[in-house]
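In what follows, chains carry the letters A, B, and so on, assigned in the order in which the sequence lines appear, proteins first and then strands, with residues in each chain numbered from 1.
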Number of protein chains: 2
Amino acid sequence: MERSPNPELACPVAPVVDIVFSRWTTPILWALHEYGRQRFGELERLLPTITPKVLTQRLRQLERDGLVARTYHAEMPPRAEYEITPLGASLGPLFAQLATWADTGLPEVERARQAYDSH
Amino acid sequence: MERSPNPELACPVAPVVDIVFSRWTTPILWALHEYGRQRFGELERLLPTITPKVLTQRLRQLERDGLVARTYHAEMPPRAEYEITPLGASLGPLFAQLATWADTGLPEVERARQAYDSH
DNA sequence: CAGTATCCAATCCGATACTG
DNA sequence: CAGTATCGGATTGGATACTG
């Protein structure tokens, strides 16, 4: 059994992190999963602190990675709709387990931080 | 049933992401989980591209969050050892599921990217 | 050995203004 | 409406050198 010299590459989690857990991606995926197909402006309202520039960047990345699908209607005014793809939806159980861990894990992290900071 | 106006905050995944999936944290946790307790220099060798400054930063953060434990021996030369805590180890099943998703998900992402880039 | 200190480059990100 | 263009500040991260 040979050991890889580089767990950064060997770590099977690392490549997924870049795709799924970069900034803003989980709130966007969550919003599309919870509330269904949304227009650009609706997403802006659902994520009040994101700017249109960053929202566009993240949506393009998610679209390129196949997690979100964009449909554009060249009407006047124009209409763009975003929805989660089957591949994106396949992350559902993962997110659910993450939320489950958060129930007990986050309070423990909070306690650890307070213990650490008081020294 | 009231809807939260801000999925960034409502998204139960978001708070965990900051703790567990910030840069370098998963390779570090993975290394400690796979190879057990490691000294600072051993971790440096396992993660060849990380610099000591950044490794220290991430280890301090993980220690503060209670995911990693540090034991320091003031010998000459000094010795510092890092190991995963029970809380850190409780992420194991999550990482496993993440790795499972990667098996089928990453190739699909790759195909989606090639399709996207060819337009 | 196990870090710190310092400097610098790249990136990100928000604010703002503008367009088809 | 659904973005794009531009600018500037802040954060991050690598390279390098140094210390108890």
Which listed nucleotide ([options]) is nearest to the side chain of [X]?
| X | options | answer |
| --- | --- | --- |
| A:Phe40 | D:dA2, D:dT4, C:dC13 | D:dA2 |
| B:Tyr72 | C:dA2, D:dG14, C:dG14 | C:dA2 |
| A:Pro78 | D:dA2, C:dA2, D:dG14 | D:dA2 |
| B:Arg60 | C:dC13, C:dT4, D:dG3 | C:dT4 |
| B:Arg79 | D:dG3, C:dA2, C:dG14 | C:dA2 |
| A:Pro77 | C:dT4, D:dC1, D:dA2 | D:dC1 |

When hydrophobic residues are tied together by side-chain contacts of less than 4.5 Å, even through go-betweens, does A:Phe40 share a cluster with A:Tyr35?
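Yes; A:Tyr35 is reachable from A:Phe40 via cluster members.
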
Whole angstroms only, please: what is the [atom1]-[atom2] distance between [X] and [N]?
| X | N | atom1 | atom2 | answer |
| --- | --- | --- | --- | --- |
| B:Glu63 | C:dG3 | CD | P | 9 Å |
| B:Leu47 | C:dA2 | CG | C1' | 16 Å |
| A:Glu75 | D:dC1 | CD | P | 13 Å |
| A:His73 | D:dA2 | NE2 | P | 10 Å |
| B:Glu42 | C:dA2 | CD | C1' | 12 Å |
| A:Gln38 | D:dC1 | CD | P | 15 Å |
| A:Glu44 | D:dG3 | CD | C1' | 9 Å |
| B:Gln61 | D:dT12 | CD | C1' | 13 Å |

How far apart are the closest heavy atoms of B:Pro78 and B:Arg39, and which atoms are they?
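In terms of heavy atoms, the two residues are closest at O-NH2, 3.6 Å.
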
Can you tell me whether the side chain of A:Lys53 and the base of D:dG3 have a donor-acceptor pair closer than 3.5 Å?
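When only heavy-atom distances are counted, A:Lys53 does not reach the base of D:dG3 through any donor-acceptor pair under 3.5 Å.
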
Parallel, tilted or perpendicular: which one describes the rings of B:Phe21 and A:Phe21, with boundaries at 30° and 60°?
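Rings of B:Phe21 and A:Phe21: parallel, as their planes differ by under 30°.
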
Could you label the plane-to-plane angle of the A:Trp30 and A:Phe95 rings as parallel, tilted or perpendicular, counting under 30° as parallel and over 60° as perpendicular?
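Plane angle under 30°, so parallel.
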
Return whichever of A:Gln57 or B:Pro52 has its heavy-atom-nearest nucleotide of DNA chain C closer to the 5' end.
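This one resolves to B:Pro52.
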
Flag the pair B:Leu98 / B:Thr26 as yes when at least one side-chain heavy-atom distance between them is below 4.5 Å, and no otherwise.
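Result no, sub-4.5 Å side-chain heavy-atom pair not found.
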
Tell me which of B:Arg58 and A:Arg70 sits closer to the 5' end of DNA chain D, going by the nucleotide each one is nearest to.
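Here A:Arg70 is the residue nearer the 5' end.
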
If D:dT12 has a Watson-Crick or G-U wobble mate with both distances under 3.5 Å, name it; if not, just say none.
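Partner of D:dT12: C:dA9.
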
